[in-house]
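This report refers to the structure that appears directly beneath it.
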Amino acid sequence: MMNLADAAKLTHADWQEKAANLKKTAETRLFIGGKFVDAVEGGTFDNICPVDGSIINTCAAGTEADINKAVEIARISFKSGEWSRMAPRDRMNVMYTWAQLIGENGAELSLMDTIDMGKPISDMVGIDMPMCIDTVQYFAECIDKITGTVTATEYDVISAVLREPIGVVGCISPWNYPLLMALWKIAPSLAAGNSTILKPAEQSPLSCYRAAELFVEAGGPAGALQVINGLGEQAGQALARHMDVSKISFTGSTEVGKLMHVYSGESNMKKVSLECGGKGPQVFCEDLEGELMDRAVETAINGIFFNMGEVCSAGSRLIVHSKIYDTFVAKFIEKGKHAYVCGDPLDPEVNLGPLVDHEAQKRVLDMLETARNEGGQVEFGGTAPDGDLDKGAYIVPTMITGVKSNDTIAQHEAFAPVVAVIRVDSDDEAIEVANNSIYGLQGSVWTDNYRKAMRFVREIECGTFLVNSFEEGDMTQPFGGYKQSGNAKDKCFESLLSYTNAKAAWFRLN
Ligand code: NAD
């Protein structure tokens with residue numbers, strides 16, 4: 001057990017040694033009814049390391065049979081009231097203890113995500129894990145702030161609106177922030193009193209298993225949180241189609257998100273919450289200069305290269321006014337070309353790991369080829385690195401200029417450290433280009449003119465919009481998309497309420 005403060009002092013060699021041990025000891029079976037068990041049908045799949053293509057370990061592959069087993073346990077647990085009817089204070093205490101245990105095991109959980117999907121260990125220790133702890137604490141704090149209402153009625157009636165947990169909730173999460181994205185779903189679901197089943201991304205199950213084990217250690221009932229890894233089309237689909245699952249909360253691609261509506265419609269009309277893809281526009285206006293210009297460039301670099309660009313809200317489209325275009329591009333090249341350097345994510349000095357797998361690397365290399373064919377100029381990057389890293393799924397940070405709004409690289413998520421730069425001649429054109437997307441997750445504008453900024457806030461269609469900033473926000477703010485970026489909000493109190501049902505109770509008194 002090692003907390004984050006001690007983890008921050010570890011060296012590359014320390015992490016390598018810990019990783020070698022963890023690969024042998026990490027639990028890879030399904031977490032059902034508070035125990036780790038093999039899949040009913042006995043299936044397994046290899047968990048591949050994106051750094052060198054080696055096999056990390058072999059994971060149990062859950063299928064419909066395992067989902068059925070877990071849903072039955074979850075349903076019994078929900079009906080028993082052991083979690084769903086627990087006094088709010090007691091439920092809060094379990095969740096606070098859980099947050100504390102996550103912190104105390106911060107080094108191990110960080111390492112799990114790093115070896116699974118290649119995220120730099122320093123980002124795990126310094127960024128992801130503190131956010132994971134915040135998430136659980138925030139939703140714990142919210143538990144006794146859920147209130148119903150008494151509505152206006154005639155004298156002899158009391159009409160109360162009660163907030164109740166929904167029942168069995170299925171959560172399906174992606175691999176780009178393995179534990180954090182899972183917690184953005186399971187923490188509010190549990191806080192609301194639901195029996196929750198998580199299907200993590202098959203590329204990154206380890207930290208979710210450990211976190212579920214810690215929930216039980218914190219005093220949570222075994223039937224309240226279960227984790228079943230497996231392929232999306234099998235375990236994920238079975239969960240989303242299950243007749244006894246009352247809500248499915250999904251984070252992942254828009255393509256798979258749309259299937260959730262199909263599964264719901266073809267089964268029991270379960271509620272569907274979706275957090276999907278993005279193609280974040282950042283607009284840089286003609287008045288940008290001096291310190292604000294420098295900060296804009298620096299923020300834009302981090303906004304696309306951080307976390308290997310595998311961020312749903314990444315600023316992957318830079319929309320730059322022609323008056324400042326040459327200066328902006330020159331500064332971005334000067335500062336951005338060497339700001340992020342590929343390396344072993346277990347080295348605390350490294351800020352850019354590989355993509356999640358070799359399939360993603362091939363998809364991105366193909367996209368870059370298409371970008372060139374469509375007239376884009378690669379200002380830097382555009383390839384996989386050679387030399388020592390050639391076995392890994394790496395992509396060198398890449399800047400493409402001369403991109404047109406309808407080009408493939410401006411329309412499709414690369415989910416990689418690849419930025420597309422589009423030149424515009426007016427604010428009207430910037431707004432049109434920014435909105436020319438099926439997505440609407442996060443955007444920004446950079447200008448000293450706040451009247452202009454307000455126009456962008458009003459007119460750009462996205463769930464989060466920032467002025468002279470890009471990556472900010474805390475647990476109180478809703479995070480979620482417009483358009484095909486999704487239909488729900490994570491974080492925030494509103495998210496917690498989405499894991500409850502409103503029941504109208506009518507008391508006639510005379
Ligand atoms: P994905 O859609 O391929 O997979 C997401 C999850 O869905 C995984 O657990 C997967 O196993 C499961 N799945 C796949 N096919 C399924 C099916 N047929 N039925 C049921 N489940 C299925 O996405 P990914 O590659 O893991 O993640 C990257 C995507 O996630 C990107 O598009 C990114 O923008 C998006 N994302 C969005 C947010 C947000 O908050 N809006 C946050 C993180 C990631």
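In listed order, ligands and their atoms are each counted from 1.
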May I ask you to identify the nearest protein heavy atom to atom 21 (N) of ligand 1, giving residue, atom name and distance to one decimal place in Å?
->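 Ranked first by proximity to atom 21 (N) of ligand 1 is Gly232 O, 3.4 Å.
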Distance to 0.1 Å, residue and atom name: give those for the protein heavy atom nearest to atom 28 (C) of ligand 1.
->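 Going by distance alone, atom 28 (C) of ligand 1 is nearest to Phe415 CE2, 3.6 Å.
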Lys247 to Tyr499, cation-pi by 6.0 Å centre distance and 45° axis angle =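 Yes; both conditions hold, so Lys247 lies above the ring face of Tyr499.
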Only heavy atoms of [X], strictly under 4.0 Å: list the atoms of ligand 1 that pass.
{"X": "Asn176", "answer": "43 (C), 44 (C)"}
{"X": "Met181", "answer": "42 (C), 43 (C)"}
{"X": "Ser173", "answer": "6 (C), 8 (C), 9 (O)"}

Donor-acceptor contact below 3.5 Å, side chain Ser495 vs main chain Asp490 |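 Checked: no pair found.
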Is the gap between the ring centers of Trp184 and Phe139 under 6.0 Å?
->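 No, the ring centres sit 6.0 Å or more apart.
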With ring centroids as reference points, do Phe31 and Tyr209 lie under 6.0 angstrom apart?
->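 Distance test on ring centres: not under 6.0 Å, no.
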Under 4.0 Å, heavy atoms only, figure out whether ligand 1 is touched by the backbone of Phe250, its side chain, both or neither.
->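 Just the side chain.
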At under 4.0 Å between heavy atoms, which part of Ile172 makes contact with ligand 1: side chain, backbone, both or neither?
->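 Near ligand 1, Ile172 shows its side chain, while the N, CA, C and O stay back.
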Side chain to side chain contact (heavy atoms under 4.5 Å, CB included) involving Lys145 - partner list, sequence neighbours excluded =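 For Lys145 the side chain to side chain contact (heavy atoms under 4.5 Å, CB included) partners, ignoring immediate neighbours, are Met92, Phe493.
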Distance-only N or O hit between ligand 1 and Trp184, under 3.5 Å =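 N/O-N/O distance below 3.5 Å does not exist for this pair.
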With a 4.0 Å cut-off, strictly under, does atom 32 (O) of ligand 1 pick up any protein heavy atom?
->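 Yes, there is one.
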